[in-house]
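Here's the structure we're looking at; comments come further down.
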Amino acid sequence: MAKKITERTKDYSQWYLDIVREAQLASHSPVRGCMVIKPNGFALWENMQRQLDDMFKETGHQNAYFPLFIPKSFLSKEAQHVEGFAKECAVVTHSRLINSEDGVIVDPESKLEEELIVRPTSETIIWDTYRDWVQSYRDLPILLNQWANVVRWEMRTRLFLRTMEFLWQEGHTAHATEQEARDETVRMLEVYRSFAEDYMAMPVHTGLKSESERFAGAVETYCIEAMMQDGKALQAGTSHFLGQNFAKAFDVRFQDKDGKEKYVWATSWGVSTRLIGGLIMTHSDDNGLVLPPRLAPTQVVIVPIWRNDEEQSRVLEYGNAIYNELKDAGIRVKFDDRDQYKPGWKFSQHEVEGTPLRIAVGPRDVTNNKVELARRDTLSKEIVDREGLDRYIPELLETVQSDLYRAAQKRTANQTRSADTYEEFKNLLDREGGFIYAHWDGTVETEEKIKNETRATIRTLPLKPEKNPGKCMVTGKESPYPVLFARSY
RNA sequence: CGGGAUGUAGCGCAGUCCGGUAGCGCGCCUCGUUCGGGACGAGGAGGUCGCAGGUUCAAAUCCUGUCAUCCCGACCA
C-alpha cells in the first residue's frame, strides 16, 4: 500500500504527521517551522472560521483589521507583555535588496529608522489605536475581532499545533467597567467551549490559568483544555481579562458619566489553526482522519460503481439524482464520478480524508432502489432505501456528530483521574498520562518543582471552586481544592 | 538552543561500513482489458543522491561546513 499510516500505539507523533500528509491537510514549507495549508486543510479552517465568525457577530462583535507590522517601541510599553513576547519576535530592519557578486543581499543603505516587529499578537497596536477612538463612556464598549496571521519565532514546531506563522482570530474589547470586561471574558470563553463541543465534538475543561501559565500582560487568563488520545492536554483557546494594564500602558482614558476621567477595561481572546491539530487528535484513527459532520468540508461522498457503459449511464443517472436531492437538502455532498479511479481506491481515499458518510451506488442498487451507506466513524455499512435519503442523511449526520462527541467525552472521562499522593500522581502520569486532579499549595515554587520533576503543568484552576480541602501532594500544606494537571502540547 | 536520528525520482525505501558513475515498491504517462474495499498486462517518462566546499584518476559512498525534518529536553497558542 502506498498510503501507509503509522499505528497510533506504535508512534503517536508519526501517526499525526501521517494523517496530516495523507488527508492532504498541510505540508512543510521551504521556510523552517512554517506550513503550506492545502485545500483540504484550508476548507476545514474556513468552516471553523465561518462558524466562529457567526458566533462572534451574535455576541455583538464586528471585524476589523490592524497592520501586520508593529513599531518596535510599542512592544516595550507594557512590561509583562514585552517580557512574554520579546524572545520570539521577527524583526524587520531593512526595506530593500540589491544585487552583489554574492547574489541578492540586503541593502545596508535601506536600514529602517524604527525597526518593525511582525505581530506576535496585536494588543499593542490595537490599544495604541483605541486611545484615539475613546474619549467618552459613550464610545464604549468597543467590541472588535480580527482574523489574521501572526508570527512567533518558535524553537520547535509541529504542523498546526505549533508553527512560526499561524492563522487565528483575536478579539480585543474595551469597556467602561471592570464587571463588563470580566463578563465579556467569560462570555467568550463560553463561545469557545460551545464551539469546541458542539461543532468540533471535542470535550473541553474550562478554567483559569495559574500565574505562570497566564498570558503576558493579562490579569486573568481563562482557557479551554482538551485531552488528546495519547494522554496529553491541548490548550485550545484562551480568553484574557486584561484589567487596565494596556489602557495604562497606552494611556486610553475616558470621561465617565460622573465626569471623572478613568482608564478603560480590556479583554482579548483567541483561537488558532491549532484547533485543527486538536480536531485530528480527538477523533482520527489508524485508517486516517475522522471529521465531525458539522465542520467537514464534504459531509457525504457518493461513489458510483459500474462494469460497462450501459451500467455506467444507469448508475451515473441514479447517483446524480441522489446528489441533487442531497444538495437541495443543504448537505455538503460530492459526487465522485471520476472515471480514472476505481471505486475501491475512492473508498480508501475518502476514508483517509475523513469524509463522515459515503454512499456507494452500483447496478444492484439501481435495480433494488437502494444505496450502500457507510459511516467513517464506526466503519459500519448498511443497505438503505434510496427513497427518503434527503431526510435520513441529515439525521445520520447529526447522529455521527453526537456519537463522536460522546466517544470523545467518554475517552476524556477515562483519562481524567485524581491522585492523593505525589507517588500516585507520578505513576498515573507515566502509565496513562491524562488529566489528573491533585491538591496543590498554590505557590509558584511548588508548581515549578512539579513541572521540573514530571513535565506536568497545571492546566486549569476551577472557575467556581467548591470547598474540597486537602493537603498539597508535594509540600503537605493546606489546599482549598484540587487543580487539574497534565502533560501538554 | 542542547542531545540523538535521518536527508537518494511525487511518496516510502535499498545502496554508504569496503569509492568505480544509481536501483526497488507505490505513484505518474500511453494502449488494452477492468470497476460492489486501494485492478491487471505491455510499453514509457522521471534523480546535479539536501546544499556548499575538500580529498581522489574517480564520491550517494570518505572529510569539513551548512540547511532541513523527526524524536527527547528548555520556551510557547
Side-chain angles (χ1 to χ4, degrees), chain A residues 1-6 11-18 21-22 24 27-35 83-89 120-121 150-170 192 209 212-216 221 223-226 233-240 268-278 287-288 303-309 311-312 315 337-352 358-368 370-372 374 379 381 383 451-452 455 457 487-489:
Chain A
M1 295 299 103
K3 289 182 181 131
K4 193 64 192 170
I5 293 174
T6 306
D11 185 345
Y12 197 79
S13 298
Q14 190 57 50
W15 167 82
Y16 177 82
L17 289 164
D18 290 347
R21 173 169 36 81
E22 293 302 330
Q24 313 262 25
S27 62
H28 289 285
S29 80
V31 181
R32 184 181 86 83
C34 295
M35 64 178 166
E83 204 180 311
F85 287 104
K87 287 164 290 191
E88 49 184 30
C89 285
T121 179
V150 288
V151 169
R152 296 181 188 176
W153 211 262
E154 298 289 347
M155 289 305 161
R156 196 175 154 197
T157 59
R158 301 189 69 190
L159 291 172
F160 291 116
L161 294 172
R162 176 170 299 108
T163 46
M164 292 221 301
E165 180 194 17
F166 57 93
L167 307 185
W168 76 344
Q169 58 67 216
E170 45 181 325
Y192 289 154
K209 282 298 186 192
S212 55
E213 297 275 325
R214 199 174 287 155
F215 174 74
T221 288
C223 65
I224 55 172
E225 290 276 332
L234 182 77
Q235 179 172 312
T238 48
S239 183
H240 314 290
S268 69
W269 28 273
V271 296
S272 71
T273 36
R274 169 176 257 201
L275 287 178
I276 295 175
N287 296 314
V303 177
I305 298 157
W306 64 79
R307 276 180 299 246
N308 51 47
D309 288 354
E311 286 183 354
Q312 179 178 7
V315 164
D337 57 357
R338 292 174 295 177
D339 199 10
Q340 64 268 42
Y341 295 110
K342 294 187 56 185
W345 186 90
K346 293 177 187 172
F347 290 177
S348 299
Q349 192 57 35
H350 291 292
E351 192 166 288
V352 86
R358 183 191 70 227
I359 292 174
V361 290
R364 221 153 55 210
D365 301 308
V366 179
T367 308
N368 300 333
K370 303 275 184 185
V371 302
E372 182 198 82
L379 297 170
K381 291 192 271 198
I383 305 294
K451 184 179 174 181
N452 289 337
R455 283 165 43 232
T457 50
R487 287 185 183 140
S488 70
Y489 276 97

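Letters go in sequence order (proteins before strands), and every chain restarts at 1.
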**Message:** Walk me through whether A/Arg358 and A/Lys346 qualify under side-chain contact (heavy atoms from CB on, under 4.5 Å).
**Reply:** CA-CA 10 Å; A/Arg358 183 191 70 227; A/Lys346 293 177 187 172; over 6 Å; no
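- In this structure, A/Gln169 and A/Val271 have side chains that are in contact, with non-hydrogen atoms separated by less than 4.5 Å.
- For the pair A/Arg358 and A/Ala216, nearest-nucleotide mapping onto RNA chain B gives the more 5' position to A/Arg358.
- Looking only at side-chain heavy atoms (C-beta outward), A/Val361 and A/Val366 stay at 4.5 Å or farther from each other.
- A/Tyr489 has its OH atom 16 Å from the C1' atom of B/G73, to the nearest Å.
- Nearest to the side-chain atoms of A/Arg455 among the listed nucleotides B/A77, B/G73, B/G37 stands B/G73.
- As rounded to the nearest Å, B/U66 and B/G43 have C1' atoms that lie 43 Å from one another.
- Considering only the side chain of A/His28, B/U69 comes nearest among B/U69, B/C76, B/G36.
- The CD1 atom of A/Ile383 sits 11 Å away from the P atom of B/G37 (whole-angstrom rounding).
- Atom name C1', nucleotides B/A39 and B/G3: the rounded distance is 48 Å, in whole Å.
- Relative to the six-membered ring of A/Tyr489, A/Arg158 misses at least one condition, a distance below 6.0 Å or an angle of at most 45° to the axis.
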**Item:** side-chain contact (heavy atoms from CB on, under 4.5 Å) between A/Cys223 and A/Thr238, worked out
**Value:** CA-CA 4 Å; A/Cys223 65; A/Thr238 48; 4.1 Å; yes
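- Rounded to whole Å, atom C1' of B/U6 lies 11 Å from atom CD of A/Gln14.
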Nucleotide N/O to protein N/O under 3.5 Å, stretch nucleotides 41-46 of chain B:
none

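- When the C1' atom is used for both B/G36 and B/C24, the distance is 33 Å, rounded to whole Å.
- A/Ser13 comes within 4.0 angstrom of sugar-phosphate atoms only, judged by non-hydrogen atoms across all strands, and of no base.
- Residues A/Arg364 and A/Glu311 are not paired through a salt bridge, judged by the lack of any N-O separation under 4.0 Å between the basic side chain and the carboxylate.
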Please write out the pairs of protein N or O atoms and N or O atoms of nucleotides 30-35 of chain B separated by less than 3.5 Å, giving the distance to one decimal.
| from | atom 1 | to | atom 2 | distance (Å) |
| --- | --- | --- | --- | --- |
| B/C35 | O2' | A/Trp306 | O | 2.7 |
| B/C35 | N1 | A/Trp306 | O | 3.4 |

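- Under the Watson-Crick or G-U wobble criterion, with both distances below 3.5 Å, B/G37 has no partner in any strand shown.
- Between A/Glu225 and A/Lys209 there is a side-chain heavy-atom pair separated by less than 4.5 Å.
- Separation of atoms CZ (A/Arg274) and CG (A/Leu161) is listed at 6.0 Å; rounding is to 0.5 Å.
- At a cut-off of 3.5 angstrom, counting only N and O atoms as typed in the model, there is no donor on one side facing an acceptor on the other between the side-chain of A/Glu351 and the base of B/G38.
- Within 3.5 Å, a donor on the side chain of A/Lys381 pairs with an acceptor on the base of B/G37, or the reverse.
- The separation between A/Lys209 atom NZ and B/C76 atom P is 12 Å, rounded to whole Å.
- Across all strands shown, B/C62 pairs with B/G54; the Watson-Crick or G-U wobble distances both stay below 3.5 Å.
- Look at CD on A/Glu225: it is 11 Å from P on B/A77, rounded to the nearest Å.
- Pair assignment for B/C75: none, as no Watson-Crick or G-U wobble contacts are both less than 3.5 Å.
- In this structure, A/Gly278 and A/Leu234 approach most closely via the heavy-atom pair CA-CD2, 3.5 Å.
- Of all the heavy atoms in A/Glu372 and A/Asp365, the pair that sits closest is N-OD1, 4.3 Å.
- Within the nucleic acid shown, A/Gly278 has no heavy atom closer than 4.0 Å to any nucleic acid atom.
- If you take CG of A/Asn452 and C1' of B/G73, they are 11 Å apart, rounded to a whole angstrom.
- A/Phe215 and A/Phe85 have their aromatic ring centers within a separation under 6.0 angstrom.
- B/G46 and B/G2 are spaced 43 Å apart, taking the P atom of each and rounding to whole Å.
- The shortest non-hydrogen separation linking A/Thr6 to A/Trp15 is O-CD1, 3.1 Å.
- Phosphate contact (OP1/OP2 of B/A39, side-chain N/O of A/Lys346, threshold under 4.0 Å): absent.
- Per the geometry, CG belonging to A/Asn368 stands 13 Å off C1' belonging to B/G36, to the nearest Å.
- Between the CD atom of A/Gln340 and the P atom of B/C29 there is a distance of 9 Å, given to the nearest Å.
- Nucleotides B/G4 and B/A45 have their P atoms positioned 45 Å apart, rounded to a whole Å.
- Under a 3.5 Å cut-off, the side chain of A/Arg152 and the backbone N or O of A/Glu88 do not form any donor-acceptor pair.
- Listed in residue order, the members of residues 156-166 of chain A having a heavy atom less than 4.0 Å from RNA chain B are A/Arg156, A/Arg158, A/Leu161, A/Arg162, A/Thr163, A/Phe166.
- Nearest nucleotide to the A/Gln349 side chain, out of B/G36, B/C70, B/G38: B/G38.
- When distances are taken from the side chain of A/Glu154 to each of B/C76, B/G38, B/C70, the shortest belongs to B/C76.
- Base pairing of B/G23 is made with B/C13, judged by Watson-Crick or G-U wobble geometry with both donor-acceptor distances under 3.5 Å.
- Comparing B/C67 with B/G53, their C1' atoms are spaced 14 Å from each other, to the whole Å.
- With a 4.5 Å cut-off on side-chain heavy atoms, A/Leu379 and A/Glu351 count as touching.
- For the pair A/Ser348 and B/G37, the criterion of a side-chain N or O lying under 4.0 Å from OP1 or OP2 is not met.
- Between A/Ile305 and A/Phe347 there is a side-chain heavy-atom pair separated by less than 4.5 Å.
- The gap from the P atom of B/C71 to that of B/U48 amounts to 29 Å, rounded to the nearest Å.
- Nucleotide B/G7 has B/C67 as its partner under the Watson-Crick or G-U criteria, with both atom distances under 3.5 Å.
- Rounded to a whole angstrom, the distance from the C1' atom of B/C13 to that of B/A52 is 26 Å.
- Pair assignment for B/G43 gives B/C29, based on Watson-Crick or G-U wobble hydrogen-bonding distances that are each under 3.5 Å.
- The nucleotide whose nearest atom lies closest to any side-chain atom of A/Met155 is, among B/A77, B/C70, B/A74, B/A74.
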